[in-house]
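Keep in mind the model is a prediction, meaning the values are calculated, not measured.
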Amino acid sequence: MIGFEWTAAKFFWYLFFMYFTLLYFTFYGMMAVGITPNHNIGSIVSAFFYAVWNLFAGFIIPRPSIPVWWRWYYWACPVAWTLYGLVASQFGDIHTPMEDPKGKLVSEYLRSHFGFKHSFLGVVAAVVVAFPVLFAFLFAFSIKMLNFQKR
């Protein structure tokens, strides 16, 4: 419905990125509650990070347009990696011209406007897998080591 090609590889890339995105959001919520003293503070912390993640994901402001001194947060943002993976896996290997006056190829447009390369997809997949592992580890560590009980 939105222009995806009907190939098995692209379908499984889409499932992969959506599954691990759901997984890291779930583990992030668990980690936020585990690190903070109660669920109220955890929800406030989570809301702040969700807003910042959406700002630096590269959807509102593409990575090449983000000032250099803020690009480190783009690379630390899990949503940016998901967006990179979804767009690069679905459209990064399309070499047909776009319907605009310049006639630029889709893959060239993604590279020039967003900085997305289809050849970087393996690294993107590894980082997207690393985020849920990191958040799950921090959740387990916080449950084991942090104690917020008052006596």
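Side-chain N or O atoms of Arg63 include none that pairs as donor or acceptor with a backbone N or O of Ala57 at under 3.5 Å. Between the side chain of Trp53 and the backbone N or O of Pro78, no donor-acceptor pair lies under 3.5 Å. Proximity of a side-chain donor or acceptor of Asn38 to a complementary backbone N or O of Ile41 within less than 3.5 Å is detected.
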(message) Could you walk me through whether Val79 and Phe25 satisfy the side chain to side chain contact (heavy atoms under 4.5 Å, CB included) test, starting with their C-alpha distance in whole Å, then the side-chain angles of each, then the deciding distance to 0.1 Å, before giving a yes or no?
(response) CA-CA 9 Å; Val79 181; Phe25 271 111; 3.7 Å; yes

(request) Start with the C-alpha gap between Leu134 and Met31, add the side-chain angles, then the distance that decides, and say whether side chain to side chain contact (heavy atoms under 4.5 Å, CB included) holds. (result) CA-CA 10 Å; Leu134 172 70; Met31 179 197 70; over 6 Å; no

(request) Check the pair Asp93, Lys10 against side chain to side chain contact (heavy atoms under 4.5 Å, CB included), reporting the backbone distance first and the verdict last. (result) CA-CA 10 Å; Asp93 61 344; Lys10 291 189 179 201; 2.8 Å; yes

(request) Walk me through it: do Asn54 and Phe59 pass the test side chain to side chain contact (heavy atoms under 4.5 Å, CB included)? (result) CA-CA 8 Å; Asn54 282 329; Phe59 184 74; over 6 Å; no

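When all heavy atoms of Thr36 and Ala32 are compared, the pair lying nearest together is OG1-O, 2.7 Å. Closest approach of Gly103 to Pro97, counting heavy atoms only: O-CB, 3.6 Å. The nearest pair of heavy atoms linking Pro132 to Phe27 is O-CD1, 3.6 Å. Contact detail for Ser107 and Gly92: the closest heavy-atom pair is CB-O, 3.4 Å. Considering all non-hydrogen atoms of both residues, His95 and Leu105 come closest at O-CD2, 3.4 Å.
Ring-centre distance between Trp70 and Tyr74: not below the 6.0 Å cut-off.
A distance of 5.5 Å separates CG in Leu55 from CD1 in Ile61, rounded to the nearest 0.5 Å. If you take OG1 on Thr96 and CE on Met98, they are separated by 9.5 Å, rounding to the nearest 0.5 Å. Considering CG of Leu86 and CE of Met18, their distance stands at 6.0 Å, rounded to 0.5 Å. Phe11 CZ to Gln90 CD: the interatomic distance, rounded to the nearest 0.5 Å, is 10.5 Å. Going from atom CZ of Phe131 over to atom OH of Tyr24 covers 7.5 Å, rounded to the nearest 0.5 Å. Ile35 CD1 to Tyr28 OH: the interatomic distance, rounded to the nearest 0.5 Å, is 8.5 Å.
Linking Ile, Leu, Val, Met, Phe, Trp and Tyr whenever their side-chain heavy atoms come within less than 4.5 Å leaves Phe12 and Val127 in two separate clusters. In terms of hydrophobic clustering, with Ile, Leu, Val, Met, Phe, Trp and Tyr side chains grouped at heavy-atom distances under 4.5 Å, Val33 and Leu146 are assigned to different clusters. Trp69 and Phe56 end up in the same hydrophobic cluster when Ile, Leu, Val, Met, Phe, Trp and Tyr side chains are linked at under 4.5 Å. Taken together through direct or relayed side-chain contacts under 4.5 Å among Ile, Leu, Val, Met, Phe, Trp and Tyr, Val52 and Val45 form part of one hydrophobic cluster. Phe16 and Tyr19 fall within the same hydrophobic cluster, defined by Ile, Leu, Val, Met, Phe, Trp and Tyr side-chain heavy atoms under 4.5 Å apart, directly or through other members.
The closest side-chain heavy-atom distance from Val128 to Phe17 is below 4.5 Å. For the pair Tyr73 and Ile66, the minimum side-chain heavy-atom distance is 4.5 Å or more. Counting heavy atoms from C-beta on, the side chains of Val87 and Leu83 come closer than 4.5 Å.
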Please set out all donor-acceptor pairs under 3.5 angstrom arising from side-chain atoms of residues 112-123, sequence neighbours excluded.
unit_1	atom_1	unit_2	atom_2	d
Ser112	OG	Lys104	NZ	3.1
Ser112	OG	Glu108	O	3.1
Ser112	OG	Tyr109	O	3.3

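Listed by chain and residue number, nothing satisfies the side chain to side chain donor-acceptor pair (under 3.5 Å) test with Ser89 (two or more places apart in sequence, or in another chain).
Within a 6.0 Å radius of CZ in Phe148, other residues, nucleotides and ligands contribute more than 12 heavy atoms.
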